[in-house]
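Accompanying notes for the structure given below.
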Amino acid sequence: QVQLVESGGGLVQAGDSLGLSCAASGRTFSTYAMGWFRQAPGKEREFVAAISWNGGSTNYADSVKVRFTISRDNAKNTVNLQMNSLKPEDTAVYYCALSPLAHPIRSSTGYHYWGQGTQVTVSS
């Protein structure tokens with residue numbers, strides 16, 4: 001069993017930065033890829049970013065590329081998402097997820113464990 005707990009969400013203004021963190025427990029974290037997804041009201045969950053088991057490979061949605069950075073600390077069993085130049089359209093519940101694969105993937109079907117999510121609201 002894997003537990004994923006996100007933290008760091010909140011209310012910010014457009015142009016601000018915010019960092020999200022996801023703490024994992026219950027499984028060997030360092031051998032699996034991790035991802036961040038988000039879901040805005042009335043929309044489907046969408047891919048944001050993913051990182052390989054050792055942090056050597058990353059993948060980003062076009063909408064966040066350059067502005068967001070995903071990273072991980074395997075010693076602390078955490079994965080982070082640094083979000084810069086936030087826009088109102090970034091408003092959503094952000095979820096971290098763990099994939100049984102080693103390399104970053106974009107499809108949500110490739111992730112078997114999910115956190116409860118953390119709300120990010122960007123005001124204009």
Side-chain angles (χ1 to χ4, degrees):
Q1 190 70 16
V2 173
Q3 293 81 41
L4 301 174
V5 179
E6 303 96 337
S7 62
L11 172 63
V12 297
Q13 293 186 333
D16 285 351
S17 298
L18 193 64
L20 304 182
S21 185
C22 174
S25 62
R27 194 163 183 171
T28 305
F29 173 81
S30 61
T31 60
Y32 301 104
M34 297 292 296
W36 284 96
F37 291 76
R38 66 187 182 187
Q39 188 167 18
K43 295 187 177 181
E44 294 185 354
R45 188 171 299 187
E46 65 174 0
F47 169 76
V48 176
I51 189 166
S52 63
W53 68 278
N54 64 351
S57 179
T58 57
N59 200 336
Y60 294 93
D62 289 344
S63 59
V64 307
K65 200 173 294 184
V66 177
R67 298 188 298 123
F68 290 11
T69 303
I70 188 171
S71 62
R72 67 189 297 160
D73 185 338
N74 286 344
K76 297 181 178 179
N77 282 9
T78 58
V79 60
N80 305 301
L81 185 69
Q82 178 63 37
M83 305 182 293
N84 298 328
S85 301
L86 283 161
K87 305 175 181 180
E89 51 263 44
D90 294 319
T91 295
V93 177
Y94 283 70
Y95 300 89
C96 72
L98 183 148
S99 168
L101 304 176
H103 299 289
I105 56 174
R106 302 168 72 95
S107 173
S108 61
T109 58
Y111 293 83
H112 292 189
Y113 297 95
W114 295 81
Q116 293 299 307
T118 185
Q119 177 71 47
V120 173
T121 303
V122 185
S123 64
S124 58

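Taking every heavy atom of both residues into account, Pro104 and Ser52 meet most closely at CD-CB, 3.5 Å. Between Ser85 and Arg67, the closest heavy-atom pair is O-NH1, 3.0 Å. Annotation for Ser17 and Val12: closest pair O-CG1, 4.4 Å, computed over non-hydrogen atoms. Scanning both residues, Val79 and Ser71, for their nearest heavy atoms gives CG2-O, 3.2 Å. Between Ala40 and Ala92, the shortest heavy-atom distance links the atoms N-CB, 3.8 Å.
One finds the OG atom of Ser25 at 7.5 Å from the CG atom of Leu4 (value rounded to the nearest 0.5 Å). Atom SG of Cys22 sits about 10.0 Å away from atom CZ of Arg72, to the nearest 0.5 Å. Here Gln39 contributes atom CD and Gln119 contributes atom CD; the two are 11.0 Å apart, rounded to the nearest 0.5 Å. With values rounded to the nearest 0.5 angstrom, Ser99 atom OG is found 14.5 Å from Trp53 atom CH2. Separation of atoms CG (Asn80) and SG (Cys96) is listed at 10.0 Å; rounding is to 0.5 Å. In this structure, OH on Tyr94 lies 7.5 Å from CG on Leu81, to the nearest 0.5 angstrom.
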Quick one: do Leu86 and Phe68 satisfy side chain to side chain contact (heavy atoms under 4.5 Å, CB included)? Show the steps, please. CA-CA 9 Å; Leu86 283 161; Phe68 290 11; 3.9 Å; yes
Margin query: Set out, in order, the CA-CA distance, both residues' side-chain angles and the distance that settles side chain to side chain contact (heavy atoms under 4.5 Å, CB included) for Asn59 and Phe47, then state yes or no.
Written below: CA-CA 10 Å; Asn59 200 336; Phe47 169 76; 4.1 Å; yes
- prompt: Run the side chain to side chain contact (heavy atoms under 4.5 Å, CB included) check on Val122 and Met83 step by step: do they pass?
  reply: CA-CA 11 Å; Val122 185; Met83 305 182 293; over 6 Å; no
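A centroid separation of less than 6.0 Å is found between the aromatic rings of Phe37 and Trp114.
In this structure, Gln13 contributes its side chain and Ser123 its backbone to no donor-acceptor pair below 3.5 Å. No donor-acceptor distance shorter than 3.5 angstrom exists from the side chain of Asn54 to the backbone of Ala102, with no hydrogens or angles considered. Distance alone, capped at 3.5 Å, is enough to place a donor-acceptor pair between the Glu6 side chain and the Gln116 backbone. Between the Arg106 side chain and the Tyr60 main chain, a donor and an acceptor come within less than 3.5 Å of each other.
Checked for salt-bridge contact, Lys87 and Asp90 miss the test: no charged N lies under 4.0 Å from a carboxylate O.
Hydrophobic clustering (side-chain heavy atoms under 4.5 Å, transitive across Ile, Leu, Val, Met, Phe, Trp, Tyr) groups Phe29 together with Val2. Under the 4.5 Å side-chain heavy-atom criterion for Ile, Leu, Val, Met, Phe, Trp and Tyr, Tyr95 and Val48 are members of distinct hydrophobic clusters.
Contact annotation: the side chain of Ile105 approaches that of Tyr111 to within less than 4.5 Å [non-hydrogen atoms, C-beta and beyond].
Tested against Arg38 for a side-chain contact (heavy atoms from CB on, under 4.5 Å), the candidates Val64, Leu20, Val93 yield a single pass: Val64.
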